[in-house]
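Just below is one structure, and these are the notes that go with it.
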Amino acid sequence: MIVRASQLFLPTLRADPADAEVASHKLLVRGGFIRQVSAGVWTYMPLGWRVHQKVVQIIREEMDGIGAQEMLAPVLTPGELWETSGRYDLPVVFKLQDRNGRKFVLPMSHEETFTFHAKEVQSYKQLPQVWYHFGTKERDEPRPRGGLLRVREFIMKDSYSFDRDEAGLDESFRKHAEAYGRIFERCQLEFYEVEAESGEMGGKDSNDFLAPGAGENFLVRCENGDYAADIEAAHGVPSTADFPAVLAAPEEVETPGMRTIDEVSKLLDVDPRATAKAMPVVAEGKVVLALIRGDDRLDEAKIAAVLGQFVRPAHPEEITETFGADGGSIGPVGSPVPVLADEALREGQYVVGANRDDRHLKGAQAGRDFEAEFADLRRVKEGDSCPNCGGNLTIEQAIELGHIFKLGTFYSIPFEANFLDEDGTEKPLVMGSYGIGPGRVIAAIVEQHHDEEGIVWPRSVAPYDVHVVTLPGVEEQAQEASSALDAAGLSVLLDDRDARAGEKFADADLIGLPSRVTVGKKTLEDGAVDVRERATGEERRVPIASLGEAF
RNA sequence: CGGGGCGUAGCGCAGCCUGGUAGCGCAUCCGCUUUGGGAGCGGAAGGUCGCCGGUUCAAAUCCGGCCGCCCCGACCA
């Protein structure tokens with residue numbers, strides 16, 4: 001295939017768009033791949049759509065490879081299906097009504113619809129089934145951002161597995177994980193499969209596929225490659241505290257006006273890591289005192305996992321009412337409410353609030369001076385050690401490319417999606433669901449494959465294989481070169497525009513096809529062209545006659 | 001939803017404080033010259049200054065309300 005740039009809708013921009021921050025957003029817009037229509041709503045223009053199609057085809061091949069069956073479910077979905085699952089009232093769900101006031105949902109994923117169809121599965125003999133589609137998803141995101149990173153409408157490949165039992169689900173889950181690995185490898189992505197929070201899905205196990213780069217997730221990794229986790233699920237070993245001399249009993253000290261760990265540790269000349277921070281929270285109407293080491297941050301996802309969904313920090317009035325002291329001076333010793341302490345505080349003696357204004361206690365020790373439940377509450381941070389090998393942990397931003405869930409019977413029970421098993425009993429289907437966002441895959445590829453000049457597409461997803469740049473006076477030779485490449489099965493973008501060489505080269509670098517062929521006046525003398533690799537800048541001279549074999 | 005910023009030609013911006021016929025660069029169109037890393041000269045086209053209202057002889061500019069977009073946070077299959 002040969003496409004002429006002079007006829008192509010490819011509006012490249014010389015400057016970065018003013019509202020873009022991340023590299024993939026800037027480059028995809030500048031390169032004429034995508035344009036914004038509204039916040040979090042994008043059009044894929046011809047080049048961008050070609051990339052999307054390439055990614056989709058890779059996903060399709062790998063899904064088909066594990067026996068999944070492609071179909072297409074509608075966007076417009078009756079509200080009753082979502083009332084059945086209980087998801088109708090989630091705030092991110094787009095809802096609308098028809099002229100008769102009948103409720104509809106624009107779904108953000110299709111569990112309900114696919115489970116609805118799964119009611120037609122009758123017998124264990126038909127299992128397992130794996131169905132998927134590339135469907136348009138809608139989400140009333142409170143805050144879209146970062147180009148394709150977080151959007152309100154997007155295409156997702158979502159698949160759903162239906163098995164007889166847990167063992168079958170494990171197998172479907174494993175196959176998906178392997179297929180996902182192959183998909184991301186074919187897209188030349190560096191990625192990590194990590195444990196994830198299941199959110200509102202009610203599922204048990206769920207794994208995220210994270211690609212380092214920009215993005216909204218934080219990936220924790222060990223330098224030795226034996227540990228990777230999303231920060232919300234990650235465990236780190238905190239650095240060792242520098243404890244002062246051991247005390248036989250807690251000792252009260254005056255700390256007038258000292259409210260923060262920083263102030264207290266400076267005043268008392270104590271390592272902040274040898275202090276403990278008390279954070280009263282309210283869960284289900286009850287106050288609990290969360291206790292973490294002075295240098296740590298409370299991880300809200302982790303405390304929510306222990307105390308339940310609705311945890312909030314206590315209000316100042318609640319604190320003084322409960323503890324009889326200001327928030328800067330409260331502590332676990334003599335606490336009127338249960339203490340939930342981070343694992344790091346099991347051993348050692350810490351400086352804590354005395355539950356009296358302007359007083360702290362030195363040498364407070366869990367088990368001796370106060371009772372506490374222990375849990376992992378601290379947010380992993382730079383400088384922590386790997387829980388497996390003790391190596392250094394690093395934290396980097398990452399894009400969530402895909403998410404795989406073991407749903408179990410969360411949907412099949414309310415939908416009564418049952419089958420008759422070998423033993424003659426009726427059982428609910430055991431389900432899994434598995435998503436990949438091609439748009440995020442594209443963003444991640446650009447994040448990981450670009451330089452100062454523009455995008456550097458991996459060949460597997462490049463919109464075209466070769467960019468042929470024609471300089472003036474050699475139009476015929478450029479056509480000849482393009483035909484040779486086309487005959488060799490390569491797709492060609494022929495830049496036949498009446499533009500200056502520099503402009504064409506700059507656009508070629510920006511658009512980022514893997515190879516560039518320059519046809520210029522020299523070609524008239526030697527019948528050869530310059531072939532340049534976008535990734536390396538390496539250039540070689542190749543006769544047009546043998547261009548086909550040069551790739 | 002809380003905090004901050006922005007809205008003027010296709011893109012990037014100035015003008016607003018201190019009201020008086022709307023400007024710059026790039027892009028676009030025509031002509032000539034030029035042509036291996038974003039050319040030069042000459043000519044031209046293109047804007048309800050986000051929207052509504054108010055103040056004023058006069059509003060891009062001052063005041064009020066609304067809308068949209070970006071960033072941080074909250075939120076988040």
Side-chain angles (χ1 to χ4, degrees), chain A residues 9 11-22 25-26 29-30 32 35-41 85 87 90-93 107-112 137-147 149-152 154 156 158-160 196-203 205-209 215-217 230 232 300-301 304 309-310 312-313 400-407 410-411 432-437 440 453-454 469-475 478 495 497-510 516-525 529-530 532 537 539 541:
Chain A
F9 180 46
T12 57
L13 302 176
R14 185 179 292 219
D16 283 334
D19 52 10
E21 304 247 313
V22 297
H25 184 182
K26 289 180 186 169
V29 171
R30 273 190 61 201
R35 284 292 185 270
Q36 187 171 50
V37 177
S38 173
V41 179
S85 68
R87 291 210 297 173
L90 291 182
V92 290
V93 177
M108 54 193 190
S109 65
H110 278 77
E111 278 79 3
E112 285 81 357
K137 312 295 171 180
E138 310 283 346
R139 252 179 231 194
D140 194 357
E141 283 289 351
R143 181 147 107 79
R145 64 188 104 177
L149 291 183
R150 184 182 178 95
V151 293
R152 297 203 297 172
F154 59 104
M156 179 160 84
D158 43 329
S159 43
Y160 302 89
E197 290 297 309
S198 297
E200 289 147 355
M201 288 314 307
D205 278 329
S206 87
N207 286 4
D208 265 337
F209 288 80
E216 303 192 287
N217 292 63
D230 188 282
E232 292 186 0
E300 282 127 46
Q309 279 285 11
F310 303 100
R312 61 166 174 87
E400 183 186 335
L401 301 169
H403 202 159
I404 57 178
F405 282 94
K406 292 186 183 176
L407 296 172
F410 189 84
Y411 290 88
S433 87
Y434 318 86
I436 294 181
R440 280 190 173 176
E453 314 305 323
V469 172
T470 324
L471 299 178
V474 290
E475 288 74 15
D495 192 347
R497 295 173 303 165
D498 180 20
R500 307 198 51 93
E503 207 170 329
K504 293 187 177 190
F505 291 149
D507 272 351
D509 291 343
L510 174 61
R516 185 184 85 193
V517 166
T518 308
V519 185
K521 251 190 291 195
K522 282 182 281 177
T523 307
L524 293 175
E525 293 153 24
V529 295
D530 291 307
R532 182 189 171 95
E539 200 160 279
R541 194 128 185 103

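Values in this document were obtained by computation on a predicted structure and should not be read as measured data. Here is the naming used below: chain letters follow the sequence lines, and residue numbers restart at 1 for every chain.
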Considering only side-chain heavy atoms of [X], which listed nucleotide, [options], is closest?
X: A:Pro142; options: B:C69, B:G36, B:A74; answer: B:A74
X: A:Gln36; options: B:G36, B:C70, B:A74; answer: B:C70
X: A:Ala18; options: B:C13, B:C69, B:A74; answer: B:C13
X: A:Lys522; options: B:G36, B:C71, B:C70; answer: B:G36

Please give the distance between the [atom1] atoms of [N] and [M] as a whole number of Å.
N: B:C52; M: B:G12; atom1: C1'; answer: 29 Å
N: B:U8; M: B:U55; atom1: P; answer: 27 Å
N: B:U48; M: B:G40; atom1: P; answer: 30 Å
N: B:G2; M: B:A45; atom1: P; answer: 48 Å
N: B:C69; M: B:C57; atom1: P; answer: 38 Å
N: B:G46; M: B:C24; atom1: P; answer: 15 Å

Rounded distance (Å) that lies between atom [atom2] of [N] and atom [atom1] of [X]:
X: A:Leu149; N: B:C70; atom1: CG; atom2: P; answer: 13 Å
X: A:Glu21; N: B:C70; atom1: CD; atom2: P; answer: 11 Å
X: A:Leu13; N: B:C13; atom1: CG; atom2: P; answer: 12 Å
X: A:Arg312; N: B:G73; atom1: CZ; atom2: P; answer: 23 Å
X: A:His25; N: B:C11; atom1: NE2; atom2: C1'; answer: 14 Å
X: A:Arg87; N: B:C76; atom1: CZ; atom2: P; answer: 14 Å
X: A:Asp498; N: B:U33; atom1: CG; atom2: P; answer: 13 Å
X: A:Arg500; N: B:U33; atom1: CZ; atom2: C1'; answer: 11 Å

On a heavy-atom basis, which atom in [X] and which in [Y] lie closest, and how many Å separate them?
X: A:Val519; Y: A:Val474; result: O-CG2, 3.3 Å
X: A:Leu13; Y: A:Arg35; result: CG-NH2, 3.9 Å
X: A:Ser85; Y: A:Tyr411; result: CB-CE2, 3.7 Å

Checking [X] side chain against [Y] main chain: does a donor-acceptor pair fall under 3.5 Å?
X: A:Lys522; Y: A:Asp530; value: no
X: A:Thr12; Y: A:Gly32; value: no
X: A:Arg139; Y: A:Val93; value: no

Just call it for [X]: base, sugar-phosphate, or nothing, with non-hydrogen atoms closer than 4.0 Å on any strand.
X: A:Asp509; value: base
X: A:Gly435; value: nothing
X: A:Arg532; value: base
X: A:Arg139; value: sugar-phosphate
X: A:Gly402; value: nothing
X: A:Glu400; value: nothing
X: A:Glu141; value: nothing
X: A:Lys504; value: nothing
X: A:Ala506; value: base

key: Cation over ring face, A:Arg440 and A:Phe154, 6.0 Å, 45°   = no
Across all strands, who's sitting opposite [N] as a Watson-Crick or G-U wobble pair, both distances under 3.5 Å?
N: B:A58; result: none
N: B:A39; result: B:U33
N: B:C76; result: none
N: B:U28; result: B:A44
N: B:G19; result: none
N: B:G7; result: B:C67

query = Starting at the 5' end of RNA chain B, which residue's closest nucleotide do you reach first, A:Leu471 or A:Gly146?
reply = A:Leu471
key: 5'-most by nearest nucleotide on RNA chain B - A:Arg30 or A:Met156   = A:Arg30
ask   = Any side-chain heavy atom of A:Pro144 within less than 4.5 Å of one from A:Gln36?
value = no
key: Separation between CG of A:Asp205 and CZ of A:Phe405, rounded to the nearest 0.5 Å   = 11.0 Å
Is there a donor and acceptor pair closer than 3.5 Å between the side chain of [X] and the base of [N]?
X: A:Arg516; N: B:G37; answer: yes
X: A:Arg150; N: B:C76; answer: yes
X: A:Asp530; N: B:G36; answer: yes

remark   = Whether each nucleotide of nucleotides 40-47 of chain B has a protein heavy atom under 4.0 Å at its base (B), only at its sugar-phosphate (S) or at neither (-) is summarised, 5' to 3', as --------
request  = State which residues pass side chain to side chain donor-acceptor pair (under 3.5 Å) with A:Ser38; sequence neighbours excluded, sorted by chain then number.
outcome  = none
CA sep, side-chain torsions, deciding dist, call: A:Glu216, A:Arg145, salt bridge (charged side-chain N to carboxylate O under 4.0 Å, His left out) = CA-CA 10 Å; A:Glu216 303 192 287; A:Arg145 64 188 104 177; 3.1 Å; yes
inquiry  = Quick check on B:C76: is either OP1 or OP2 less than 4.0 Å from any side-chain nitrogen or oxygen of A:Arg143?
reply    = no
message = Is the phosphate of B:C69 approached by A:Ser38 (side-chain N or O, under 4.0 Å from OP1 or OP2)?
response = yes
